[in-house]
Peer 1: 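Below you will find the structure I want to go over with you.
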Amino acid sequence: MIAFEPIGVAHTPWTEKRQAPRQPAAARGVRATIELFAGKGYEDALANLEEWSHLWVLFAFDRSRGWSPKVLPPRSRVKKGLFATRAPHRPNPIGMSLVRLRSVEGLVVHVEDVDLLDGTPVLDLKPYVKYTDFAGDAGDGWLAVDPVAPWAVSFSVGARAELAFLAARGVELEDELRAALALGPEPHAYRRIKRTGDRGLLALKEWRAEFVVRERRIQIVRIRTGWRARELATRADLRLHRDFEAEFSR
């Protein structure tokens, strides 16, 4: 039996799995901190860390449950062997991310290009060593032959007005909608989509986005609440959804 004790915790902008970028490269410029636990002698362990520009962060996928030997990656049309992917659901749920180091203040390590969820337990920090970690002749694996080219995603005038209404009230959906549908309009383990002909419905948190498909272009034509009329009428916590429906009732 091997047991690991976290050395600290990550504090990031990403609170839900749907929000987090799938790789650090998709989180360029996103800043976060890794706070090491006090009373462990980590102050001395952090000496000289700032001499490096990048770090490997080893962490625990603490919100993953179970695993399967075959998985369907977001950028593939067919299932792949788990160990040929970076899926978070693994026999030993350990992840690694390459981040840019900004500074160290006491037990707080400031980093950017972060794809970790807020509260992720951190297991270890290691310097990225260019001469040994960089593989200039590395291949692209199955992504070289089975890639999902991004789809063009646009918004109708009506959908943009609905998104602006929500954004003004603290609900930002545009970037998440683009990211979800850029991978295609078909149902997928990572995307809650219902599709009928050239029309589809994407479920994103408490909201629904109706879209149409033309060749390799997707246009979102309408945003609507995911709650039913009976729930809207009886639940006090759904005021935003009621206001939205009143503003854009059809």
Peer 1: Let me check something: do I223 and L238 share a hydrophobic cluster, defined by ILVMFWY side-chain heavy atoms less than 4.5 Å apart, either directly or through other members?
Peer 2: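 Different clusters.
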Peer 1: So do R199 and V221 actually touch side chain to side chain, heavy atoms under 4.5 Å?
Peer 2: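 V221 reaches R199 side chain to side chain.
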Peer 1: Which pairs count as salt bridge (charged side-chain N to carboxylate O under 4.0 Å, His left out) when at least one residue sits in residues 1-13, sequence neighbours excluded?
Peer 2: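 Applying salt bridge (charged side-chain N to carboxylate O under 4.0 Å, His left out) to every pair that reaches into residues 1-13, excluding sequence neighbours, yields E5-K40.
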Peer 1: Please check: side-chain N/O of R242 versus main-chain N/O of R235, any donor-acceptor pairing under 3.5 Å?
Peer 2: yes
Peer 1: Considering only heavy atoms from C-beta outward, does the side chain of L82 approach that of P91 to under 4.5 Å?
Peer 2: yes
Peer 1: Considering non-hydrogen atoms only, spot the tightest contact between G106 and L46 and give its length.
Peer 2: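 Residues G106 and L46, closest heavy atoms: O-CD1, 3.4 Å.
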Peer 1: Throw together a table of side-chain donor-acceptor distances under 3.5 angstrom for residues 56-71, partners on residues two or more places apart or in other chains.
Peer 2:
| from | atom 1 | to | atom 2 | distance (Å) |
| --- | --- | --- | --- | --- |
| W56 | NE1 | D133 | OD2 | 2.9 |
| R63 | NH1 | D118 | O | 3.3 |
| R63 | NH2 | D118 | O | 3.0 |
| S64 | OG | F61 | O | 3.0 |
| R65 | NH1 | D62 | O | 3.0 |

Peer 1: For the pair I220 and L202, evaluate side-chain contact (heavy atoms from CB on, under 4.5 Å) and give the outcome as yes or no after the intermediate values.
Peer 2: CA-CA 10 Å; I220 296 175; L202 168 67; 5.9 Å; no
Peer 1: Nearest 0.5 Å, please: how far is CG in L201 from CZ in R224?
Peer 2: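 If I round to the nearest 0.5 Å, the distance is 5.0 Å.
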Peer 1: Which heavy atom of F37 sits nearest a heavy atom of Y42, and at what distance?
Peer 2: O-CD1, 3.3 Å
Peer 1: Any chance you could lay out the side-chain contact (heavy atoms from CB on, under 4.5 Å) test for F244 and L232, step after step, and finish with the verdict?
Peer 2: CA-CA 11 Å; F244 180 87; L232 290 175; over 6 Å; no
Peer 1: Ignoring hydrogens and geometry, is there a side-chain-to-backbone donor-acceptor pair from R86 to F83 under 3.5 Å?
Peer 2: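 No.
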Peer 1: Let me see the working for I7 and I34 under side-chain contact (heavy atoms from CB on, under 4.5 Å), right down to the final yes or no.
Peer 2: CA-CA 10 Å; I7 63 171; I34 297 172; over 6 Å; no
Peer 1: Can you check side-chain contact (heavy atoms from CB on, under 4.5 Å) on E162 and R222, steps first, answer last?
Peer 2: CA-CA 8 Å; E162 292 163 339; R222 179 190 177 193; 4.0 Å; yes
Peer 1: Please check this pair: side chain of R239 against backbone of A236, looking for a donor-acceptor N/O pair closer than 3.5 Å.
Peer 2: no
Peer 1: For a 4.5 angstrom cut-off between non-hydrogen side-chain atoms, does V30 reach T12?
Peer 2: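 Sidechains of T12 and V30: no contact.
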Peer 1: Kindly determine whether R160 and E174 satisfy salt bridge (charged side-chain N to carboxylate O under 4.0 Å, His left out), including the steps that lead there.
Peer 2: CA-CA 9 Å; R160 285 209 168 276; E174 181 173 343; 3.6 Å; yes
Peer 1: Are any of the side-chain heavy atoms of L177 and F155 separated by less than 4.5 Å?
Peer 2: yes
Peer 1: Atom CZ in R230, atom OG1 in T234: separation rounded to 0.5 Å?
Peer 2: 7.5 Å
Peer 1: Check the hydrophobic clustering (I, L, V, M, F, W, Y; side-chain heavy atoms under 4.5 Å; chains of links allowed) and say if L204 and W227 are grouped together.
Peer 2: no
Peer 1: Would you call the rings of H241 and W207 parallel, tilted or perpendicular, taking 30° and 60° as the class edges?
Peer 2: parallel
Peer 1: Supply the atom-to-atom distance Q219 CD to R214 CZ, rounded to the nearest 0.5 angstrom.
Peer 2: 8.5 Å
Peer 1: L98 and M96: same hydrophobic cluster, using ILVMFWY side-chain contacts below 4.5 Å?
Peer 2: yes
Peer 1: P13 and R31: which non-hydrogen atoms are nearest, and at how many Å?
Peer 2: CD-O, 3.8 Å
Peer 1: Between E112 (side chain) and R102 (backbone), is there a donor-acceptor pair under 3.5 Å?
Peer 2: no
Peer 1: Roughly how far, to the nearest 0.5 Å, is the CG atom of D113 from the CG atom of L55?
Peer 2: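 One gets 11.5 Å once the value is rounded to the nearest 0.5 Å.
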Peer 1: Is F211 linked to F248 within one hydrophobic cluster, defined over Ile, Leu, Val, Met, Phe, Trp and Tyr using a side-chain heavy-atom separation of less than 4.5 Å?
Peer 2: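 In one cluster with F211: F248, yes.
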Peer 1: State the CD-CG distance between E186 and L181, to the nearest 0.5 angstrom.
Peer 2: 11.0 Å
Peer 1: Taking atom CG of D237 as the centre, does the number of heavy atoms from other residues, nucleotides or ligands within less than 6.0 Å exceed 12?
Peer 2: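 More than 12 within 6.0 Å, yes.
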Peer 1: Do E43 and L107 have side-chain heavy atoms sitting under 4.5 Å apart?
Peer 2: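 Yes, side chains in contact.
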Peer 1: Are the side chains of V213 and R195 in touch, meaning some heavy atoms are under 4.5 Å apart?
Peer 2: yes
Peer 1: According to a 4.5 Å side-chain heavy-atom criterion applied to Ile, Leu, Val, Met, Phe, Trp and Tyr, with indirect links allowed, do V111 and L49 form part of one hydrophobic cluster?
Peer 2: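 Result: yes, single cluster for both.
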Peer 1: Nearest heavy-atom pair of P185 and I193: which atoms, and what distance?
Peer 2: O-CG2, 3.2 Å
Peer 1: Is the backbone of V153 close enough, under 3.5 Å, to the side chain of R178 for a donor and an acceptor to pair up by distance?
Peer 2: yes
Peer 1: Would you say that S103 contacts E50 through its side chain, given a criterion of any heavy-atom pair below 4.5 Å between the two side chains?
Peer 2: yes
Peer 1: Where do L101 and W52 come nearest, in terms of heavy atoms and distance?
Peer 2: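 Taking L101 first and W52 second, the nearest heavy atoms are CD2-O, 3.4 Å.
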Peer 1: Find out whether E35 and H11 are in side-chain contact, i.e. whether some heavy atom of one side chain is under 4.5 Å from a heavy atom of the other.
Peer 2: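 SC-SC contact between E35 and H11 confirmed.
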Peer 1: Roughly how far apart are T225 OG1 and D243 CG, rounded to 0.5 Å?
Peer 2: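 Here the rounded value is 11.5 Å.
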